[in-house]
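Indexing begins at 1, ligand by ligand and atom by atom, following the structure's order.
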Amino acid sequence: MSATARKKAPNAEDIRARKGGEPLVSLTAYTTPMAQVMDAHCDFVLVGDSVGMVLHGMASTLEVTMEMMILHGRAVARGLEAAMMVVDMPFGSYEEGPQQAFRNAARLMAETGAGAVKLEGGVEMAETIRFLVKRGIHVMAHIGLTPQSINTLGGYKVQGRDAQAEAVIADAQAVADAGAFSVVLEKVPQVLADQITSEVAIPTIGIGASAGCDGQILVVDDMLGFFTAFKPKFVKRYADLGPAAEAAIADYAAEVRARSFPAAEHVFADQAPAQGKK
Ligand code: KIV
């Protein structure tokens with residue numbers, strides 16, 4: 001069912017039930033207006049920790065805090081009616097163990113109204129995912145290239161090539177067995193993504209993976225051309241709004257300098273007050 005025909009947003013069980021069905025559509029969002037624009041077109045919207053890089057100019061996602069995720073989560077929630085909202089758990093908020101993860105996931109859910117949280121990691125996070133799910137928190141997993149581990153992965157490299165493939169398959173199986181309702185596969189070879197999609201029981205959400213995944217996600221600022229610091233191969237630019245915004249700002253600056261803005265239609269041309277009267 002398309003989002004426009006839906007009366008209420010899907011929940012994690014609805015997303016899980018889409019395994020093998022019509023592809024799930026998802027984008028990231030960080031603000032109310034952007035959430036409003038995508039609401040009718042997406043099954044779920046991710047408040048990604050990519051917010052640190054694309055909105056706050058950070059060099060990686062490692063500096064992103066719980067406070068930032070809550071602030072942006074609340075903003076996105078105000079813009080959604082038809083799509084489910086998932087919020088990323090930031091680096092350092094869940095890796096110590098299940099209790100720490102529960103405390104912070106519960107806070108994210110309570111303070112943003114999210115339907116689920118997303119966390120990065122496979123086999124090593126299975127125990128934490130199981131703990132959260134058993135206590136009422138829906139978890140989306142994220143495996144393959146996990147940007148919060150950029151230092152130990154040695155850069156934004158494709159994961160799961162050749163002998164590495166078995167490890168990514170084990171990660172997918174572990175998070176599915178632990179109760180995750182879906183799993184993001186980032187930057188993995190197409191054949192591997194297709195194999196995982198056919199073998200695991202939960203929907204796979206691809207980003208730099210395969211059109212055969214159960215759904216796709218992109219960072220909205222990448223696909224609209226607002227974030228131009230770098231462009232991964234897997235990003236398709238559906239619009240080039242960064243240059244369009246700069247051209248509009250240049251027009252505005254030129255008109256202000258020429259005193260042609262504001263024009264007659266932008267000002268309040270009341271009569272001048274009579275001389276001597278207050
Ligand atoms: O933070 C993010 O935007 C993400 C997506 C790339 C899946 O995790």
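- Salt bridge annotation for Asp214-Arg18: absent, with no cationic side-chain nitrogen under 4.0 angstrom from a carboxylate oxygen.
- Applying the ring-ring contact (aromatic ring centres under 6.0 Å, His included) definition to pairs two or more places apart or across chains, none involves residues 85-134.
- At a threshold of 4.0 Å, the pair Glu13-Arg16 counts as salt-bridged, since one of the basic side-chain nitrogens sits closer than that to a carboxylate oxygen.
- The closest donor-acceptor contact from the side chain of Thr28 to the backbone of Val220 lies under 3.5 Å.
- Remark: the Thr204 side chain and the Thr197 side chain contain an N/O donor-acceptor pair separated by less than 3.5 Å.
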Measure and list all N/O to N/O distances between ligand 1 and the protein that fall under 3.5 angstrom.
{"unit_1": "ligand 1", "atom_1": "1 (O)", "unit_2": "Asp49", "atom_2": "N", "d": "3.1"}
{"unit_1": "ligand 1", "atom_1": "1 (O)", "unit_2": "Asp49", "atom_2": "OD1", "d": "2.9"}
{"unit_1": "ligand 1", "atom_1": "1 (O)", "unit_2": "Ser50", "atom_2": "N", "d": "3.0"}
{"unit_1": "ligand 1", "atom_1": "1 (O)", "unit_2": "Ser50", "atom_2": "OG", "d": "3.3"}
{"unit_1": "ligand 1", "atom_1": "1 (O)", "unit_2": "Asp88", "atom_2": "OD2", "d": "3.1"}
{"unit_1": "ligand 1", "atom_1": "3 (O)", "unit_2": "Ser50", "atom_2": "OG", "d": "2.5"}
{"unit_1": "ligand 1", "atom_1": "8 (O)", "unit_2": "Lys118", "atom_2": "NZ", "d": "2.9"}

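- Looking at Met68, Glu63, Met58, Glu120 one by one, the single match for side-chain contact (heavy atoms from CB on, under 4.5 Å) with Asp49 turns out to be Glu120.
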